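Structure first, then comments.
These numbers come from the heavy atoms of this one structure, side chains and all, not from hydrogens, waters or symmetry mates. Not measured: the values here are computed from a predicted model. So that the names make sense, note that chain A is the first sequence line, chain B the second, and so on, each numbered from 1.
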Amino acid sequence: MARADSWLADGWLWDQITIGDQPPSRTACAANPSSSSSAPPSTEDCITLLRPVPATCSYYSASHTSAVVVVVVVVAFVMFVSDASCLKSHDYDCFYASVFENEDPTLRTRPLAVQQKQIVVTCNYEARRRGLYKLQLIKDAKRLCPDVVIVLGEDLTRFRNASKELYMLLRSFSWNQKVERLGFDEVFMDVTDIVDYNLALLNPHDLSNSFFCLEKDDPTVGFAFDASRPAGCTFPEGTANTSVLVPPLDELRLRLHLGSHLAQHLREALRLQKGYTCTAGVSTNKLLSKLVGTVHKPDAQTTLLPPYGDTGDGIDNVTSLMDHFEVGKVPGIGCKITQKIRDFLQQKQLQENESSLDSSAEPQPLLVGTVRNHPSINIEALTQLLSGPGTRHDTPTRVWQFLNGCDTTEVGGARDVPRQISIEDTFGRLDTEQDVIRELKKLAQSLVRRMHTDLVASDEDPIPEDTVEPDGPSRRRWLAFPKTIRLSTSLRLPRKPNAPRSFSARSSRSAPLPGWVFSTKESVNAVADRLVTEVLLQLFRKLHPGKKGWDLSLMNVAVTNMNDAASEKGGPGRDIGDMFRTQDEVLRQWSVNDGPEAGDGDVRYGGDDDDGVGDGMRIEAGTEQRPNEPAVQDTADVDVDVWESEDEDMFDDENFRCEQCAAIMPLYARLPHERWHMAL
DNA sequence: AAGCGTAAG
DNA sequence: GATTCTTACGCTT
């Protein structure tokens, strides 16, 4: 709570508005923008809320050292974006093309299109100049540009790898680790702390000869720069009045200058070390930095200059930036909301102006400014419009704030593992169980492979710390354990030519993810096959009880509900006990041959002939039943990766948890177990 | 937890 | 028009 508020309050300095002549209602509104749905702020409150910062106030003066302005650097990796040709920029698509160009630089000068199925998902600058565009049919592209180089991009591995590499480079510059990925090709960085630190380092009398320190511990690491001017482009354009040499120093401006120089340094690093050019935006929140970053597109950066808020002179760079964007371009406002607003305004216009002659349903762009300034748009109207079952309760407020350039969302912390992994494929026709099984196996293989690449830490680097591994050449351990697996399918669209927007038409079923997928013993293919026959097929039959003839167009397999072991406090392994205790579903699948003396009885997987997954919930609570110790042997034909569902004391002196497969076993089993792993 | 919807690139 | 292949998150039950 305090954090979200301080983001708003510090970023926009609402809490200090009361210094001026503002009514207290704004402070109330600002202090609690969205935390309670009880009383949405009135329109008036929010209008004033969003531009109440007179430049003459001392909000940004050096005396307010407690004020924290968040500078967010949005980096979109973009290469060879079309210049100001009529098409919109497609950072994402260009990223795919950039990856290929980086692999083979000779492609840079040729028209390059990345193909998925029958369409061009992306193409480079050269291709665009010849009329190619995103989501174009391959045959159209070939017709338009016969010499186009077409590369297949259905396998996203290379993009994922490149994305991670670039992300890691950016992350290495961060101090607070607020580095949030958006898609493969965008990164938000909250560099407030670095900016703060360097702000304090500045010599106000000689800003032009400043040094930007990149490491707290080492004052020699950094670069020289001119703090009196921003680096790169600005919004609004023109550097005439961007100088900040005259006291009293404009603190916000100075911070933004610092952010812009840091952004330039980061872009330089990306270019020199990785060979990627990119686009960046610098401002005080995610929304503004992202939007301002689009102003100058390929290989450029833009900083949103102050003043941020109504100066009384009508000069407000936030508003003037926001107002020329289309509503649908504002991040957070998608096609649904846009359409609702459009319909609303259209209806209003019809009501008021019966005989208006615009019977032509012109798709003229719906600009932020026209919506925000429209007399019938206010919080109440938006609440009416955008509320309903299934909608977020704070959507109206958020939309209104977005339209005003206000964004209180925090930059997310850096993550080592994703929250979910999914693989999907589309099909022209998928009708028989045979085909379904075949495709499911392909999907499952990719999924398991991805789990291994994304969820296991291979070598030492991240946080081995106190792990006292003996010497094993393979020092692999799982960073996260997804708890559920989900199968989604969608049928071919039932031909609705005039429907405005058919819903996703996806349906899904999920089940607990069996623990044995974390075993490194079986091959990827073996695990994948087992997943299909023992889990996915059951899910599929739940979705499609019939025998054939479903006409599926898509299948998606996902693992979700990760228990992020790595980011938990206390180091790796700390919460694994918790995890396995809550993973009873998995344990239930183990049929244990527990005779009277079940001490080290056989362990085998129960589910070969019946659906051990779907309805395997027949463990009797309270009977103190628990799986046995794994039957640890020195041979490779026994399942070892069974774990206790007991308390923390399973980590006591008598037990050992394998870092590789997370199996819990008695200490004496450790050496044979490890030998067994290495033999794989 | 399961299933759906929206939004993002 | 929609087309691809994801990832994240909120709401409802």
Between [options], which nucleotide has the shortest distance from any of its atoms to the side chain of [X]?
{"X": "A/Thr426", "options": "C/dT6, C/dC5, B/dC4", "answer": "C/dC5"}
{"X": "A/Leu182", "options": "B/dA8, B/dC4, C/dT3", "answer": "B/dA8"}
{"X": "A/Lys336", "options": "C/dT4, B/dA7, B/dC4", "answer": "B/dA7"}
{"X": "A/Leu156", "options": "B/dA1, C/dC5, B/dG3", "answer": "C/dC5"}
{"X": "A/Asp425", "options": "B/dA2, B/dG9, C/dC5", "answer": "C/dC5"}
{"X": "A/Asp185", "options": "B/dG3, C/dT7, B/dG9", "answer": "B/dG9"}

Under 4.0 Å: is that the gap between some side-chain N or O of [X] and OP1 or OP2 of [N]?
{"X": "A/Lys117", "N": "C/dT4", "result": "no"}
{"X": "A/Lys290", "N": "B/dG9", "result": "yes"}
{"X": "A/Thr484", "N": "B/dA1", "result": "no"}
{"X": "A/Ser510", "N": "B/dG3", "result": "yes"}

Using a 4.0 Å heavy-atom cut-off, does [X] contact any base of the nucleic acid, only the sugar-phosphate backbone, or nothing at all?
{"X": "A/Gly153", "answer": "nothing"}
{"X": "A/Val557", "answer": "nothing"}
{"X": "A/Ile333", "answer": "sugar-phosphate"}
{"X": "A/Asn556", "answer": "nothing"}

d([atom1], [X]; [atom2], [N]) in whole Å:
{"X": "A/Leu443", "N": "C/dT6", "atom1": "CG", "atom2": "C1'", "answer": "13 Å"}
{"X": "A/Tyr133", "N": "C/dT3", "atom1": "OH", "atom2": "P", "answer": "14 Å"}
{"X": "A/Tyr167", "N": "C/dT7", "atom1": "OH", "atom2": "C1'", "answer": "13 Å"}
{"X": "A/Leu487", "N": "C/dT6", "atom1": "CG", "atom2": "P", "answer": "14 Å"}
{"X": "A/Leu291", "N": "B/dA8", "atom1": "CG", "atom2": "P", "answer": "11 Å"}
{"X": "A/Arg509", "N": "B/dA1", "atom1": "CZ", "atom2": "P", "answer": "18 Å"}
{"X": "A/Phe427", "N": "C/dT4", "atom1": "CZ", "atom2": "C1'", "answer": "13 Å"}
{"X": "A/Lys134", "N": "C/dG1", "atom1": "NZ", "atom2": "C1'", "answer": "15 Å"}

Quick one, A/Leu552 and A/Phe540 - any side-chain contact, counting heavy atoms below 4.5 Å?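 A/Leu552 vs A/Phe540: side chains touch.
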Taking the side chain as C-beta and beyond, is there a heavy-atom pair between A/Gln445 and A/Asn525 under 4.5 Å?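 With C-beta onward as the side chain, the pair touches.
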Could you run down nucleotides 8-13 of chain C 5' to 3' and tag each one B, S or - for protein heavy-atom contact under 4.0 Å? SSSSS-
Are A/Phe100 and A/Phe95, when compared by the centres of their aromatic rings, separated by less than 6.0 Å?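 No; A/Phe95 has its ring centre 6.0 Å or more from that of A/Phe100.
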Decide if the gap between the ring center of A/Tyr96 and the ring center of A/Phe159 is smaller than 6.0 angstrom.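 Yes.
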Roughly how far, to the nearest 0.5 Å, is CG of A/Leu440 from CG of A/Leu487?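 Rounded to the nearest 0.5 Å, the CG-CG separation comes out at 6.0 Å.
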Test side-chain contact (heavy atoms from CB on, under 4.5 Å) on A/Leu345 and A/Leu366 and set out the steps. CA-CA 10 Å; A/Leu345 293 185; A/Leu366 184 60; 3.8 Å; yes
Taking atom types as modelled and ignoring hydrogens, do the side chains of A/Gln339 and A/Asp343 form a donor-acceptor contact shorter than 3.5 angstrom?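 Side chains of A/Gln339 and A/Asp343: pair found under 3.5 Å.
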Between A/Arg143 and A/Asp140, is there a side-chain N and carboxylate O pair less than 4.0 Å apart?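 Salt bridge present between A/Arg143 and A/Asp140.
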Closest-nucleotide mapping onto DNA chain C: is A/Ile119 or A/Arg160 further toward the 5' terminus? I mean the 5' end.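 Its nearest nucleotide being more 5', the pick is A/Ile119.
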